[in-house]
There are 2 protein chains.
Amino acid sequence: MEHRELKQAGLRATGPRLKILDVLHESDDRHLSAEDIYRHLVEADEDVGLATVYRVLTQFEEAGLVRRHNFESGHSVFELNSPGHHDHMVCLETGDVVEFLSEDIERLQREIADAHGFELVDHSLVLYVRPRRNE
Amino acid sequence: MEHRELKQAGLRATGPRLKILDVLHESDDRHLSAEDIYRHLVEADEDVGLATVYRVLTQFEEAGLVRRHNFESGHSVFELNSPGHHDHMVCLETGDVVEFLSEDIERLQREIADAHGFELVDHSLVLYVRPRRNE
DNA sequence: ATGAATGCAAAAACTTTGCATGACG
DNA sequence: CGTCATGCAAAGTTTTTGCATTCAT
(Lines give C-alpha, C1' and ligand atoms only; values in the text may rest on other atoms or scores of the structure.)
Protein backbone atom coordinates (compact mmCIF):
# COMPACT_ATOMS: atom_id res chain seq x y z
CA MET A 1 0.00 0.00 0.00
CA GLU A 2 1.86 3.03 -1.31
CA HIS A 3 -0.73 5.30 0.30
CA ARG A 4 0.66 4.34 3.67
CA GLU A 5 4.23 4.80 2.50
CA LEU A 6 3.53 8.44 1.72
CA LYS A 7 1.71 9.17 4.96
CA GLN A 8 4.52 7.67 6.96
CA ALA A 9 6.91 9.97 5.14
CA GLY A 10 4.75 12.91 6.18
CA LEU A 11 3.33 13.59 2.71
CA ARG A 12 -0.27 13.88 1.59
CA ALA A 13 -1.27 10.96 -0.61
CA THR A 14 -2.10 12.80 -3.82
CA GLY A 15 -2.67 11.27 -7.24
CA PRO A 16 0.60 12.42 -8.82
CA ARG A 17 2.67 11.33 -5.83
CA LEU A 18 1.10 7.87 -5.83
CA LYS A 19 1.67 7.47 -9.56
CA ILE A 20 5.29 8.58 -9.40
CA LEU A 21 6.01 6.32 -6.46
CA ASP A 22 4.42 3.50 -8.39
CA VAL A 23 6.66 4.08 -11.41
CA LEU A 24 9.68 3.94 -9.13
CA HIS A 25 8.46 0.67 -7.63
CA GLU A 26 7.43 -1.02 -10.85
CA SER A 27 10.18 0.01 -13.24
CA ASP A 28 12.72 -2.60 -14.30
CA ASP A 29 15.45 -0.01 -14.05
CA ARG A 30 16.08 1.10 -10.49
CA HIS A 31 17.72 4.32 -11.68
CA LEU A 32 15.46 6.81 -13.41
CA SER A 33 15.73 10.45 -14.43
CA ALA A 34 12.85 12.89 -14.01
CA GLU A 35 12.37 12.72 -17.76
CA ASP A 36 12.29 8.90 -17.64
CA ILE A 37 9.55 8.97 -15.05
CA TYR A 38 7.62 11.60 -16.95
CA ARG A 39 7.81 9.46 -20.09
CA HIS A 40 6.49 6.41 -18.21
CA LEU A 41 3.54 8.49 -17.01
CA VAL A 42 2.75 9.92 -20.44
CA GLU A 43 2.87 6.46 -21.97
CA ALA A 44 0.47 5.22 -19.31
CA ASP A 45 -1.83 8.16 -20.17
CA GLU A 46 -1.42 9.59 -16.72
CA ASP A 47 -1.88 13.31 -16.64
CA VAL A 48 1.10 14.59 -14.65
CA GLY A 49 3.23 17.57 -15.55
CA LEU A 50 7.00 17.42 -15.75
CA ALA A 51 7.26 20.24 -13.23
CA THR A 52 5.31 18.13 -10.78
CA VAL A 53 7.64 15.20 -11.34
CA TYR A 54 10.58 17.41 -10.38
CA ARG A 55 8.77 18.84 -7.36
CA VAL A 56 7.65 15.45 -6.14
CA LEU A 57 11.06 13.87 -6.57
CA THR A 58 12.62 16.67 -4.56
CA GLN A 59 10.05 16.13 -1.82
CA PHE A 60 10.65 12.38 -1.91
CA GLU A 61 14.34 13.02 -1.54
CA GLU A 62 13.78 15.32 1.44
CA ALA A 63 11.46 12.75 2.98
CA GLY A 64 14.07 10.04 2.50
CA LEU A 65 11.99 8.00 0.08
CA VAL A 66 14.46 8.29 -2.80
CA ARG A 67 18.10 9.09 -3.34
CA ARG A 68 19.41 11.44 -6.02
CA HIS A 69 22.59 10.66 -7.95
CA ASN A 70 24.64 12.70 -10.41
CA PHE A 71 26.61 9.90 -12.03
CA GLU A 72 27.90 11.69 -15.05
CA SER A 73 27.01 15.23 -15.87
CA GLY A 74 23.83 16.58 -17.36
CA HIS A 75 21.00 15.25 -15.30
CA SER A 76 20.11 13.60 -12.01
CA VAL A 77 18.87 10.05 -11.60
CA PHE A 78 16.70 8.84 -8.73
CA GLU A 79 16.30 5.48 -7.06
CA LEU A 80 14.10 4.22 -4.25
CA ASN A 81 15.90 4.52 -0.97
CA SER A 82 16.08 0.84 -0.15
CA PRO A 83 16.82 0.03 3.48
CA GLY A 84 20.33 -1.19 2.80
CA HIS A 85 22.82 1.43 1.68
CA HIS A 86 24.94 0.59 -1.34
CA ASP A 87 27.30 2.19 -3.81
CA HIS A 88 27.36 1.96 -7.59
CA MET A 89 29.52 0.58 -10.33
CA VAL A 90 28.77 1.93 -13.81
CA CYS A 91 30.03 0.09 -16.89
CA LEU A 92 31.38 2.61 -19.37
CA GLU A 93 30.71 0.32 -22.32
CA THR A 94 27.24 -1.04 -21.60
CA GLY A 95 25.89 1.56 -19.17
CA ASP A 96 24.96 -1.19 -16.75
CA VAL A 97 24.64 -0.18 -13.13
CA VAL A 98 25.72 -2.68 -10.47
CA GLU A 99 25.14 -2.05 -6.79
CA PHE A 100 27.64 -3.14 -4.20
CA LEU A 101 28.55 -2.61 -0.57
CA SER A 102 31.89 -2.84 1.18
CA GLU A 103 31.83 -2.60 4.93
CA ASP A 104 35.58 -2.03 4.85
CA ILE A 105 35.22 1.02 2.63
CA GLU A 106 32.33 2.31 4.72
CA ARG A 107 34.43 2.07 7.85
CA LEU A 108 37.49 3.64 6.26
CA GLN A 109 35.41 6.60 5.13
CA ARG A 110 34.21 7.27 8.65
CA GLU A 111 37.76 7.00 9.93
CA ILE A 112 39.09 9.42 7.31
CA ALA A 113 36.40 12.03 7.98
CA ASP A 114 37.07 11.65 11.69
CA ALA A 115 40.82 12.07 11.25
CA HIS A 116 40.17 15.41 9.55
CA GLY A 117 37.94 16.66 12.35
CA PHE A 118 34.68 15.99 10.56
CA GLU A 119 31.66 13.81 11.01
CA LEU A 120 30.63 11.78 7.98
CA VAL A 121 27.08 12.70 6.94
CA ASP A 122 26.85 11.04 3.56
CA HIS A 123 29.00 9.94 0.68
CA SER A 124 28.97 9.17 -2.99
CA LEU A 125 31.11 6.44 -4.46
CA VAL A 126 30.89 5.44 -8.10
CA LEU A 127 33.26 3.04 -9.80
CA TYR A 128 33.58 3.45 -13.55
CA VAL A 129 34.52 0.09 -15.02
CA ARG A 130 34.71 -1.92 -18.20
CA PRO A 131 34.33 -5.64 -18.82
CA ARG A 132 37.51 -7.51 -17.93
CA ARG A 133 39.07 -9.27 -20.91
CA ASN A 134 40.14 -12.82 -20.21
CA GLU A 135 43.76 -12.68 -21.32
CA MET B 1 56.14 28.05 -18.78
CA GLU B 2 52.50 27.37 -19.54
CA HIS B 3 53.16 27.75 -23.25
CA ARG B 4 55.07 24.47 -23.12
CA GLU B 5 52.36 22.80 -21.03
CA LEU B 6 49.84 23.40 -23.80
CA LYS B 7 52.11 22.25 -26.62
CA GLN B 8 52.90 19.05 -24.76
CA ALA B 9 49.20 18.43 -24.42
CA GLY B 10 48.89 18.83 -28.20
CA LEU B 11 47.07 22.17 -28.08
CA ARG B 12 47.96 25.41 -29.83
CA ALA B 13 49.10 28.05 -27.36
CA THR B 14 46.46 30.68 -27.92
CA GLY B 15 45.78 33.71 -25.76
CA PRO B 16 42.54 32.48 -24.18
CA ARG B 17 43.99 29.05 -23.44
CA LEU B 18 47.04 30.55 -21.73
CA LYS B 19 44.88 32.89 -19.66
CA ILE B 20 42.51 30.14 -18.56
CA LEU B 21 45.36 27.83 -17.65
CA ASP B 22 46.87 30.67 -15.68
CA VAL B 23 43.69 31.22 -13.71
CA LEU B 24 43.64 27.53 -12.85
CA HIS B 25 47.25 27.71 -11.66
CA GLU B 26 47.01 30.95 -9.72
CA SER B 27 43.63 30.66 -8.06
CA ASP B 28 43.51 30.02 -4.33
CA ASP B 29 40.63 27.65 -4.86
CA ARG B 30 41.65 24.52 -6.71
CA HIS B 31 38.07 23.81 -7.77
CA LEU B 32 36.50 26.28 -10.16
CA SER B 33 33.36 26.32 -12.27
CA ALA B 34 33.38 27.70 -15.80
CA GLU B 35 31.56 30.73 -14.45
CA ASP B 36 34.19 31.18 -11.73
CA ILE B 37 36.96 31.23 -14.31
CA TYR B 38 35.02 33.58 -16.54
CA ARG B 39 34.53 35.96 -13.63
CA HIS B 40 38.26 35.93 -12.84
CA LEU B 41 38.99 36.83 -16.46
CA VAL B 42 36.45 39.63 -16.60
CA GLU B 43 37.78 41.11 -13.37
CA ALA B 44 41.29 41.01 -14.84
CA ASP B 45 39.94 42.83 -17.89
CA GLU B 46 40.81 39.89 -20.09
CA ASP B 47 38.58 39.67 -23.12
CA VAL B 48 37.50 36.03 -23.21
CA GLY B 49 33.97 34.83 -23.84
CA LEU B 50 32.15 32.39 -21.61
CA ALA B 51 31.61 30.05 -24.55
CA THR B 52 35.36 29.91 -25.03
CA VAL B 53 35.88 29.07 -21.39
CA TYR B 54 33.57 26.09 -21.78
CA ARG B 55 35.21 25.00 -25.04
CA VAL B 56 38.72 25.32 -23.63
CA LEU B 57 37.88 23.47 -20.43
CA THR B 58 36.45 20.60 -22.43
CA GLN B 59 39.62 20.49 -24.53
CA PHE B 60 41.74 20.61 -21.39
CA GLU B 61 39.78 17.71 -19.99
CA GLU B 62 40.24 15.67 -23.16
CA ALA B 63 43.94 16.49 -23.13
CA GLY B 64 44.22 15.36 -19.51
CA LEU B 65 45.16 18.81 -18.20
CA VAL B 66 42.13 19.13 -15.93
CA ARG B 67 39.57 16.88 -14.30
CA ARG B 68 35.86 17.60 -14.29
CA HIS B 69 33.74 16.90 -11.20
CA ASN B 70 29.99 16.98 -10.64
CA PHE B 71 29.93 17.26 -6.87
CA GLU B 72 26.39 18.43 -6.52
CA SER B 73 24.00 18.87 -9.39
CA GLY B 74 23.67 21.93 -11.53
CA HIS B 75 27.19 22.68 -12.65
CA SER B 76 30.62 21.16 -13.16
CA VAL B 77 33.79 22.18 -11.39
CA PHE B 78 37.26 21.78 -12.80
CA GLU B 79 40.65 21.30 -11.19
CA LEU B 80 44.16 20.94 -12.55
CA ASN B 81 44.99 17.29 -13.03
CA SER B 82 47.74 17.06 -10.46
CA PRO B 83 50.01 14.04 -10.76
CA GLY B 84 48.80 12.40 -7.56
CA HIS B 85 45.25 11.13 -7.57
CA HIS B 86 43.04 12.09 -4.65
CA ASP B 87 39.43 12.05 -3.55
CA HIS B 88 37.34 14.81 -2.01
CA MET B 89 35.60 15.65 1.21
CA VAL B 90 33.04 18.46 1.02
CA CYS B 91 31.83 20.22 4.16
CA LEU B 92 28.08 20.71 3.94
CA GLU B 93 28.16 23.73 6.24
CA THR B 94 31.12 25.72 4.97
CA GLY B 95 31.51 24.36 1.46
CA ASP B 96 35.19 23.67 2.12
CA VAL B 97 36.78 21.01 -0.04
CA VAL B 98 39.47 18.80 1.48
CA GLU B 99 41.50 16.38 -0.61
CA PHE B 100 42.54 13.01 0.71
CA LEU B 101 43.87 9.68 -0.43
CA SER B 102 43.43 6.26 1.08
CA GLU B 103 45.49 3.48 -0.44
CA ASP B 104 43.28 0.99 1.34
CA ILE B 105 40.16 2.33 -0.32
CA GLU B 106 41.91 2.48 -3.70
CA ARG B 107 42.88 -1.17 -3.38
CA LEU B 108 39.46 -2.28 -2.19
CA GLN B 109 37.85 -0.59 -5.18
CA ARG B 110 40.04 -2.53 -7.59
CA GLU B 111 39.25 -5.75 -5.76
CA ILE B 112 35.52 -5.11 -5.85
CA ALA B 113 35.48 -4.30 -9.56
CA ASP B 114 37.55 -7.39 -10.18
CA ALA B 115 35.24 -9.60 -8.13
CA HIS B 116 32.36 -8.50 -10.37
CA GLY B 117 34.24 -9.32 -13.55
CA PHE B 118 35.18 -5.73 -14.35
CA GLU B 119 38.31 -3.73 -14.68
CA LEU B 120 38.39 -0.44 -12.76
CA VAL B 121 38.87 2.49 -15.14
CA ASP B 122 38.09 5.43 -12.89
CA HIS B 123 36.12 6.31 -9.82
CA SER B 124 34.49 9.17 -7.99
CA LEU B 125 34.43 9.30 -4.22
CA VAL B 126 33.08 12.28 -2.33
CA LEU B 127 32.53 12.35 1.41
CA TYR B 128 29.90 14.83 2.61
CA VAL B 129 30.79 15.89 6.13
CA ARG B 130 30.13 18.48 8.80
CA PRO B 131 32.37 19.84 11.54
CA ARG B 132 32.57 17.42 14.45
CA ARG B 133 31.24 18.92 17.67
CA ASN B 134 33.46 18.33 20.67
CA GLU B 135 31.00 16.77 23.04
C1' DA C 1 -13.83 24.75 3.64
C1' DT C 2 -9.02 25.62 3.50
C1' DG C 3 -4.50 25.14 2.87
C1' DA C 4 -1.63 22.36 0.11
C1' DA C 5 -0.63 20.39 -4.53
C1' DT C 6 -0.93 20.60 -9.52
C1' DG C 7 -0.58 22.01 -14.49
C1' DC C 8 0.82 25.08 -17.62
C1' DA C 9 3.80 28.32 -19.34
C1' DA C 10 7.42 31.29 -18.53
C1' DA C 11 11.91 31.86 -16.64
C1' DA C 12 16.26 30.53 -14.76
C1' DA C 13 20.66 28.19 -14.77
C1' DC C 14 24.08 25.84 -17.23
C1' DT C 15 26.15 24.43 -21.51
C1' DT C 16 26.61 23.92 -26.54
C1' DT C 17 26.52 25.50 -31.35
C1' DG C 18 26.55 28.48 -35.85
C1' DC C 19 28.85 31.71 -38.09
C1' DA C 20 31.68 35.63 -39.35
C1' DT C 21 36.04 37.48 -37.79
C1' DG C 22 40.62 37.21 -36.11
C1' DA C 23 44.91 34.86 -34.59
C1' DC C 24 48.64 31.05 -34.45
C1' DG C 25 52.37 28.63 -36.71
C1' DC D 1 48.48 32.15 -45.85
C1' DG D 2 45.55 28.30 -44.37
C1' DT D 3 43.64 26.63 -40.68
C1' DC D 4 42.15 26.55 -36.32
C1' DA D 5 40.26 29.31 -32.47
C1' DT D 6 37.38 32.99 -30.78
C1' DG D 7 33.43 36.12 -29.70
C1' DC D 8 28.90 36.94 -29.87
C1' DA D 9 24.34 35.70 -29.97
C1' DA D 10 21.11 32.25 -30.46
C1' DA D 11 19.58 27.71 -29.28
C1' DG D 12 19.59 23.46 -26.32
C1' DT D 13 19.06 21.06 -21.77
C1' DT D 14 17.77 20.47 -17.37
C1' DT D 15 15.43 22.29 -13.53
C1' DT D 16 12.72 25.90 -11.02
C1' DT D 17 9.04 29.24 -10.28
C1' DG D 18 4.50 32.14 -10.60
C1' DC D 19 -0.10 31.78 -10.62
C1' DA D 20 -4.82 30.32 -11.25
C1' DT D 21 -7.18 26.04 -10.47
C1' DT D 22 -8.02 21.60 -8.31
C1' DC D 23 -7.61 18.32 -4.70
C1' DA D 24 -6.99 15.93 -0.06
C1' DT D 25 -8.43 16.01 4.41
Side-chain angles (χ1 to χ4, degrees), chain A residues 1-23 31-63 65-78, chain B residues 1-23 31-63 65-78:
Chain A
M1 206 52 183
E2 281 154 0
H3 200 281
R4 190 154 234 73
E5 202 175 336
L6 288 174
K7 302 307 268 305
Q8 285 180 344
L11 296 170
R12 291 166 70 161
T14 68
R17 297 215 261 241
L18 286 165
K19 291 170 193 165
I20 291 169
L21 188 55
D22 191 56
V23 169
H31 305 84
L32 301 169
S33 68
E35 195 75 43
D36 289 336
I37 292 171
Y38 178 65
R39 204 174 320 114
H40 276 254
L41 293 170
V42 170
E43 281 167 12
D45 263 318
E46 300 289 3
D47 205 350
V48 177
L50 180 56
T52 299
V53 175
Y54 276 104
R55 272 188 293 236
V56 167
L57 285 171
T58 301
Q59 294 157 356
F60 281 7
E61 187 190 13
E62 287 163 354
L65 286 176
V66 305
R67 300 215 64 190
R68 180 195 300 253
H69 301 286
N70 302 289
F71 287 155
E72 18 231 301
S73 182
H75 62 290
S76 300
V77 299
F78 300 82
Chain B
M1 206 52 181
E2 281 154 359
H3 201 282
R4 191 154 234 75
E5 204 175 333
L6 288 174
K7 304 306 269 307
Q8 287 180 343
L11 295 170
R12 291 168 67 165
T14 68
R17 296 214 261 241
L18 285 165
K19 291 171 194 164
I20 291 169
L21 188 55
D22 191 56
V23 169
H31 305 85
L32 300 169
S33 68
E35 195 76 43
D36 289 335
I37 293 173
Y38 179 66
R39 205 174 318 114
H40 276 254
L41 293 170
V42 170
E43 281 167 12
D45 264 318
E46 301 287 4
D47 205 351
V48 177
L50 179 57
T52 299
V53 174
Y54 276 105
R55 272 188 293 235
V56 167
L57 286 171
T58 302
Q59 295 157 355
F60 281 7
E61 186 190 14
E62 286 164 354
L65 286 177
V66 305
R67 300 212 64 187
R68 181 195 299 253
H69 301 286
N70 302 288
F71 288 156
E72 24 229 298
S73 182
H75 64 291
S76 301
V77 299
F78 301 83

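Numbered from 1 within each chain, the chains take letters A, B, ... in sequence-line order.
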Which listed nucleotide (D:dA5, D:dC8, C:dA5) is nearest to the side chain of B:R17?
D:dA5
Among C:dT15, D:dC8, C:dG25, find the nucleotide with the atom closest to the side chain of B:H3.
C:dG25
Using OP1 and OP2 only, check whether a side-chain N or O of A:T58 sits under 4.0 Å from D:dT15.
no
Could you state the atom-to-atom distance from CG of A:L18 to C1' of C:dA5 in whole Å?
13 Å
Under 4.0 angstrom between B:R55 side-chain N/O and D:dT6 OP1 or OP2
no
Strictly below 4.0 Å: does B:T14 bring a side-chain N or O up to OP1 or OP2 of D:dT6?
yes
Can you tell me the distance, in whole Å, between the CG atom of B:N70 and the C1' atom of C:dC14?
12 Å
Once you round it to whole Å, what is the distance between P of D:dT14 and CD1 of A:I37?
14 Å
For atom CD of B:E35 and atom P of C:dA12, their distance in whole Å:
15 Å
Compare side-chain N and O positions of A:K7 against OP1 and OP2 of D:dA24 and report whether any pair is under 4.0 Å apart.
no
Select from A:V48 and B:L50 the residue whose nearest nucleotide in DNA chain C is closer to the 5' end of that strand.
A:V48
So does A:Y54 get a side-chain nitrogen or oxygen closer than 4.0 Å to the phosphate oxygens (OP1/OP2) of D:dT16?
no
Hey, is the main chain of A:R12 close enough, under 3.5 Å, to the side chain of A:R17 for a donor-acceptor pair?
yes
Is there a donor and acceptor pair closer than 3.5 Å between the side chain of B:R12 and the base of C:dG22?
no
How many Å lie between OH on A:Y38 and P on D:dT14, as a whole number?
14 Å
5' precedence on DNA chain C between B:L11 and A:V56 (nearest-nucleotide basis)
A:V56
Between A:K19 and A:D22, does any side-chain N to carboxylate O distance fall below 4.0 Å?
no
